[in-house]
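This report concerns only the one structure given below.
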Amino acid sequence: MSEREQQAGTGTVHRAGGEDAGTPALVYVIEDDPGVARLVISALREFGFNCETFGSGAAALRRLQVEKPDLCIIDLGLPDMDGFDLMRRITATSNAGVLILTGRGHPADRVMGLEMGGDDYVVKPFEARELVARVRSILRRRGLSPGQSPGKRRYASFLGWRVDCAANLLRAPDGAEHQVGTAEMQVLRAFIERPHQILTREQLTGSRDLAPTDRSIDVRISRLRRKLEPDPHDPAVIKTVYGAGYLFAADVSWE
């Protein structure tokens, strides 16, 4: 069996070594060209990342049911599905960042990729160190460094508010504490993990099969706005982007 066939069937794990590796961020590299995959993996491992490689979208989706990555690097020209469809399915079921790595350099593809929730778009051929820098930049925006694992990301702060994600607790700038329901916390966590990005209703709920008539997300958004916004009827933090979704308009720091 060829290397390409092996990669298409199962994921290949590349764990960062060294005593100072800690718990590195996990990156999925979904790329059917073994040479490109090796180049990406080699560069990422040099900077302390854990990686898993997949030669097909189906293999990555199967693995996603078992372990959630911090970021996915996705080639749009996969053998079994369009990369845009894979990205849509990944962002609907996880909070992973997405970096598109592709040979498609047309501006329309770039715009579509970013509007669909991609954090960055890199066209082949690429410089490996620049790719790593873009990966690190995405993780920093999400409050996660290469030496952190998602499990350590318990506390988030924004605009004087503090969120204890493990206890579903929201502390206001004046010190007042609010217990947040599990469904609301799911939405809030999606927002604070991807600030300044348009998120669809499916991304906020983690459901790919959300019915157009399902208004549960609107109820959760309304409850969060009543807690966070000075004027819930004129929201400045959780903004509605008509025809696209919602955007969390605040910088977030993690500890």
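Excluded from the calculations below are hydrogen atoms, water molecules and symmetry mates; all remaining heavy atoms, backbone and side chain alike, are included. These figures come from a predicted structure and were not determined experimentally.
- In this structure a side-chain-to-backbone donor-acceptor pair under 3.5 Å is missing from R189 to C165.
- In this structure the side chain of D75 never reaches within 4.5 angstrom of the side chain of D33, judged on heavy atoms.
- In this structure, D119 and G97 approach most closely via the heavy-atom pair OD2-CA, 3.2 Å.
- Between the side chain of D120 and the main chain of L99, no donor-acceptor pair closer than 3.5 Å is present.
- The residue from L199, V252, L247 that alone fulfils the side chain to side chain contact (heavy atoms under 4.5 Å, CB included) condition with F191 is L199.
- Note that the CG atom of D218 and the CZ atom of R223 stand 12.0 Å from one another [nearest 0.5 Å].
- For K124, the NZ atom counts as densely surrounded, since its 6.0 Å shell holds more than 12 non-hydrogen atoms of other residues, nucleotides or ligands.
- V187 and V219 sit in two unconnected hydrophobic clusters of ILVMFWY residues. Membership requires side-chain heavy atoms under 4.5 Å apart, directly or through other members.
- With a 4.5 Å cut-off on side-chain heavy atoms, E31 and V40 do not count as touching.
- A heavy-atom distance below 4.5 Å is found between the side chains of I73 and L44.
- Taking hydrophobic clusters as Ile, Leu, Val, Met, Phe, Trp and Tyr residues chained together by side-chain heavy-atom distances below 4.5 Å, I198 does not share a cluster with V237.
- Connection of V111 to V98 is not established within any shared hydrophobic cluster, with ILVMFWY side chains joined at heavy-atom distances below 4.5 Å, either directly or through further cluster members.
- Taking CZ of R136 as the start and CG of L131 as the end, the distance is 12.5 Å to the nearest 0.5 Å.
- Across all non-hydrogen atoms, the minimal contact from R63 to Y28 is CG-OH, 3.1 Å.
- Shown here are the salt bridge (charged side-chain N to carboxylate O under 4.0 Å, His left out) partners of E229, two or more places apart in sequence or in another chain: there are none.
- At a threshold of 4.5 Å between non-hydrogen side-chain atoms, the residues L224 and F248 do not count as touching.
- Residue pairs meeting the side-chain hydrogen bond (donor to acceptor under 3.5 Å, both in side chains) criterion with at least one member in residues 99-112, sequence neighbours excluded, are D82-R104.
- In plain terms, the two heavy atoms of I30 and A60 that are nearest each other are CD1-CB, 3.6 Å.
- Nearest heavy atoms, P235 versus K239: O-CG, 4.2 Å.
- S56 and R62 are not linked by any side-chain donor-acceptor pair at a separation below 3.5 angstrom, with hydrogens and angles left out of the test.
- At least one side-chain heavy atom of F49 sits less than 4.5 Å from a side-chain heavy atom of L139.
- Among all heavy-atom pairs drawn from A128 and L39, the shortest one is CB-CD1, 4.2 Å.
- With a 4.5 Å cut-off on side-chain heavy atoms, V163 and V180 do not count as touching.
- Contact of the T91 side chain with the R194 side chain is registered, since non-hydrogen atoms from C-beta on lie closer than 4.5 Å.
- Annotation: side chain of I221 is not in contact with side chain of T240 (no heavy-atom distance under 4.5 Å).
- Of the inter-residue distances, the one linking S137 atom OG with E130 atom CD reads 11.0 Å to the nearest 0.5 angstrom.
- Defined by atom type and a distance below 3.5 Å, a donor-acceptor pair is missing between the side-chain atoms of R38 and S42.
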Would F54 and C72 count as a side-chain contact (heavy atoms from CB on, under 4.5 Å) here? Give the steps.
CA-CA 11 Å; F54 306 89; C72 294; over 6 Å; no
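- One hydrophobic cluster, built from ILVMFWY side chains closer than 4.5 Å, cannot hold both L169 and F158; they sit in different ones.
- For the side chain to side chain contact (heavy atoms under 4.5 Å, CB included) criterion with N168, the lone passing option out of E184, M185, H178 is M185.
- Connection of F84 to V123 is established within a shared hydrophobic cluster, with ILVMFWY side chains joined at heavy-atom distances below 4.5 Å, either directly or through further cluster members.
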For side-chain contact (heavy atoms from CB on, under 4.5 Å), just list the numbers for L76 and L86, CA-CA rounded to whole Å, side-chain angles, deciding distance to a tenth of an Å, and then say yes or no.
CA-CA 9 Å; L76 295 182; L86 174 62; over 6 Å; no
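- To the nearest 0.5 Å, the span separating OH on Y246 from CZ on R220 amounts to 11.5 Å.
- L71 CG to R134 CZ: the interatomic distance, rounded to the nearest 0.5 Å, is 13.0 Å.
- Distance CD/Q203 to CZ/R88: 10.5 Å, rounded to 0.5 Å.
- In this structure, R162 is positioned above the aromatic face of Y155, its NZ or CZ under 6.0 Å from the six-membered ring centre and within 45° of the axis.
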